[in-house]
Peer 1: 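Have a look at this one.
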Amino acid sequence: MANRKQLIRLLAITEKLRNSKEASFDEISDYLKRKSEITGDDLNITLRTFQRDIKDIYSIFDVEIKCNSYHKYYIQYDGSDEMQPRMFEAFDILHALKITNDLSLYIHPEKHGGGTENIYGFIHAIKKQIVIKITHKKFWDAEPNKRNVEPYGLKEFRGRWYLIAKDKNSNTIKTFGLDRIHDIELTKEKFSLPEDFNVKTLFKSCFGIVMPEKNEKPEKIILSFSPLKGNFIKSLPLHESQQVIIDNEKECRVQLFIYITHDFVRELLAHSEELEVISPKSLKNKLNQIYKSALNTEK
DNA sequence: CCTAGTATGAAGTGGCGTCA
DNA sequence: TGACGCCACTTCATACTAGG
């Protein structure tokens, strides 16, 4: 299982460089020393381990750290965008819970509903490229099933964590809700990541975590919201491709470029009469059909 | 059957030499 | 000077064993 201390250290280094833009190894070392006093873990390291950590931070968190000509380290590329802060949060909570173990008499945390209790195991397997056996239970299945998967990465969507992994049975990339995974087991088998694989580009045109069918293509979607709802949609975009094309006292019209997956359709249904689908026609028809069948009381 | 102690292999770390 | 490969050493996690 992944070394908890090491992960805390990687987080601390990333945190330090995020906060102070750039720092020399000595400054980072000082920071770790101070952090050690707070957490009780000895996080002190030598330059050699620090250099290894830089590589680990890149492979686990997709954060690239470089050294400039003034002997200062800085974050050159931060691929963590909206995803990692939540991950850090999950770690922090986990870590805090570990620290406050003695307080368990007084504190009763909900048993990590998000399934994050296995997160160290997942990170370890992703990093080491180890095939894992997961016991997974779908919402609609009574019986959990076991399957061997190649873990590629983790993704957060609307407060839930998902494992992105290749199912060894069907040879397709799937997402598994962490709260649906009851148990993980590391196997002896290793795998290698496809060269063109990148979690971010994989989900670029997805609404959430539902993967499109093989031959499906992302589509240009134009939606018109009521002005009131529009304010909400503007502050909390449906997707990163969202662009506001009309914004007046009558409507707020936005354009998206994504796959029409069933989770996206469900999201649209939630906006009911405050939303009108302008295009494509097929999506408009789909929504109409769902509304119609919902009204059909004959069933 | 459970717990504490021990053995063993794996993973993490530090130091040194080399390269750019 | 920083990055990195290599090797030796340390630490950690797990399996195993003995004793209650």
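To find a chain, count down the sequence lines: A is the first, B the second, and so on, and within it residues start at 1.
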Peer 1: Return yes if some donor-acceptor pair links the side-chain N/O of A:Gln242 with the main-chain N/O of A:Leu238 below 3.5 Å, else return no.
Peer 2: yes

Peer 1: Let me know the distance between CD1 of A:Ile57 and C1' of B:dG12, rounded to the nearest Å.
Peer 2: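 For the pair A:Ile57 CD1 and B:dG12 C1', the rounded distance is 15 Å.
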
Peer 1: List for me each residue that meets ring pair (Phe, Tyr, Trp, His ring centres under 6.0 Å) alongside A:His71, sequence neighbours excluded, and say none if there are none.
Peer 2: none

Peer 1: Quick one: is A:Arg9 getting a side-chain N or O under 4.0 Å of the B:dT13 phosphate, OP1 or OP2?
Peer 2: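 True: A:Arg9 side-chain N/O within range (under 4.0 Å) of B:dT13 OP1/OP2.
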
Peer 1: What residue pairs, at least two apart or across chains, pass ring-ring contact (aromatic ring centres under 6.0 Å, His included) with a residue in residues 216-240 of chain A?
Peer 2: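 Pairs touching residues 216-240 of chain A that pass the test: A:Phe225-A:His271.
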
Peer 1: Applying ring pair (Phe, Tyr, Trp, His ring centres under 6.0 Å), can you list everything that pairs with A:Phe25, at least two apart in sequence or on another chain?
Peer 2: A:Phe50

Peer 1: Once you build an axis from the first five pairs and another from the last five of the helix from B:dC1-C:dG20 to B:dA20-C:dT1, how far apart in angle are they, to 10 degrees?
Peer 2: 20°

Peer 1: Sequence neighbours left out, what passes side chain to side chain contact (heavy atoms under 4.5 Å, CB included) with A:Tyr291? Give chain and number order.
Peer 2: A:Leu269, A:Ser272, A:Leu287

Peer 1: A:Lys174: what forms a salt bridge (charged side-chain N to carboxylate O under 4.0 Å, His left out) with it, not counting sequence neighbours?
Peer 2: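 So A:Lys174 forms a salt bridge (charged side-chain N to carboxylate O under 4.0 Å, His left out) with A:Asp167.
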
Peer 1: Verify the contact: side-chain N or O of A:Thr46 to OP1 or OP2 of B:dG14, cut-off strictly under 4.0 Å; return yes or no.
Peer 2: yes

Peer 1: Would you tabulate the nitrogen or oxygen pairs shorter than 3.5 Å linking the protein to nucleotides 1-8 of chain C?
Peer 2:
unit_1, atom_1, unit_2, atom_2, d
C:dT1, O3', A:His71, ND1, 3.4
C:dA3, OP2, A:Gln51, NE2, 3.4
C:dA3, OP2, A:Tyr73, OH, 2.8
C:dA3, N7, A:Gln51, NE2, 3.4
C:dG5, N7, A:Arg48, NH2, 2.9
C:dG5, O6, A:Arg48, NE, 2.7

Peer 1: Quick one: list whatever passes side chain to side chain contact (heavy atoms under 4.5 Å, CB included) with A:Ala23, sequence neighbours left out.
Peer 2: A:Lys16, A:Leu17, A:Ser20, A:Glu27, A:Ile28

Peer 1: Any ring-ring contact (aromatic ring centres under 6.0 Å, His included) involving residues 244-265 of chain A? Give me the pairs, sequence neighbours left out, ordered by first then second residue.
Peer 2: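 Output for this query lists A:Phe207-A:Phe264.
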
